[in-house]
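Please read all numbers here as calculations on a predicted model, not as lab measurements.
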Amino acid sequence: MRTDTTSATGADPVVTDPGLYSVVFENERVRVLEYRDEPGDRTCEHDHPDMVIIPLATFRRRLTVGGREVEVEQTQHQARWVDAHTHVGENIGEVPTHALFVELK
């Protein structure tokens, strides 16, 4: 079981992109991040442990994971599970991204 909020590479999104990610709650079992960006914004490469994403708005993104690009649309309030991974994200839509990430430790 994880005991920290970083992966083997240690690229914590709160550190790599502090203007986009903020910690809204943390305890010994979970960390909740709020994410906000604008159309055209792009993150630095960073890691997430296993987590639940809760979109607070509907948005479109391009994710680059392991050199592979995938376009995704997240629908407001449709929570979903996301396995641990490293990625770069880019807002390719016409509206801001707003979401909560419940990261498991």
Side-chain angles (χ1 to χ4, degrees):
M1 177 176 279
R2 292 182 66 95
T3 58
D4 62 35
T5 56
T6 59
S7 76
T9 60
D12 183 336
V14 176
V15 174
T16 62
D17 295 289
L20 303 175
Y21 286 94
S22 61
V23 177
V24 295
F25 176 81
E26 185 168 13
N27 67 18
E28 66 280 349
R29 300 182 71 184
V30 300
R31 179 172 77 158
V32 180
L33 303 179
E34 182 176 26
Y35 179 82
R36 291 178 178 265
D37 74 10
E38 296 295 326
D41 284 348
R42 182 179 172 92
T43 68
C44 296
E45 185 173 86
H46 61 275
D47 306 319
H48 290 284
D50 290 341
M51 67 179 177
V52 173
I53 182 173
I54 305 162
L56 300 177
T58 297
F59 55 84
R60 290 184 52 230
R61 301 189 62 69
R62 179 178 299 119
L63 302 177
T64 303
V65 181
R68 190 177 128 222
E69 289 187 353
V70 178
E71 292 187 9
V72 297
E73 183 169 328
Q74 300 291 327
T75 303
Q76 183 179 21
H77 298 145
Q78 289 190 354
R80 69 180 187 93
W81 175 259
V82 180
D83 290 331
H85 66 284
T86 300
H87 77 272
V88 172
E90 180 181 3
N91 183 334
I92 59 170
E94 298 178 8
V95 299
T97 301
H98 189 200
L100 294 175
F101 297 90
V102 181
E103 297 182 328
L104 304 181
K105 292 187 178 183

Quick check: is [Y] connected to [X] through a chain of hydrophobic side chains (ILVMFWY, heavy atoms under 4.5 Å apart)?
| X | Y | result |
| --- | --- | --- |
| Phe101 | Val70 | no |
| Val72 | Ile53 | no |
| Val24 | Leu104 | yes |

Ile54/Val102 under side-chain contact (heavy atoms from CB on, under 4.5 Å): CA gap, chis, key distance, verdict: CA-CA 8 Å; Ile54 305 162; Val102 181; 4.1 Å; yes
Side-chain touch [X]/[Y], heavy atoms, less than 4.5 angstrom:
| X | Y | answer |
| --- | --- | --- |
| Val52 | Val82 | no |
| Arg61 | Thr97 | yes |
| Cys44 | Asp17 | yes |
| Asp12 | Arg31 | yes |
| Leu33 | Val14 | yes |

Side-chain donor or acceptor of [X] paired with backbone N/O of [Y] under 3.5 Å:
| X | Y | value |
| --- | --- | --- |
| Asn91 | Asp41 | no |
| Thr58 | Gln76 | yes |
| Asp50 | Ala84 | yes |
| Lys105 | Asn27 | yes |

Considering all heavy atoms of both residues, which atom of [X] and which atom of [Y] are nearest to each other, and what is their separation?
| X | Y | answer |
| --- | --- | --- |
| Pro13 | His46 | CB-CD2, 3.5 Å |
| Leu20 | Arg42 | CD1-O, 4.4 Å |
| Pro39 | Pro96 | CD-N, 4.0 Å |
| Pro55 | Ala99 | CA-CB, 4.0 Å |

- Check the pair His85 / Met51 against side-chain contact (heavy atoms from CB on, under 4.5 Å), numbers first and verdict last. CA-CA 10 Å; His85 66 284; Met51 67 179 177; 4.1 Å; yes
Review point. Can Tyr35 and Thr43 be said to form a side-chain contact (heavy atoms from CB on, under 4.5 Å), step by step?
Key: CA-CA 11 Å; Tyr35 179 82; Thr43 68; 3.5 Å; yes
- Query: Rounded to the nearest 0.5 Å, what separation is found between the CZ atom of Phe59 and the CD atom of Glu73?
  - Reply: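 These two atoms lie 9.5 Å from each other.
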Q.
Please report the interatomic distance CD(Glu71) to CD(Glu90), rounded to the nearest 0.5 Å.
A.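 If we round to the nearest 0.5 Å, Glu71:CD and Glu90:CD are 9.0 Å apart.
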| task | Please lay out, stage by stage, how Thr16 and Glu45 fare under the test side-chain contact (heavy atoms from CB on, under 4.5 Å). | result | CA-CA 8 Å; Thr16 62; Glu45 185 173 86; over 6 Å; no
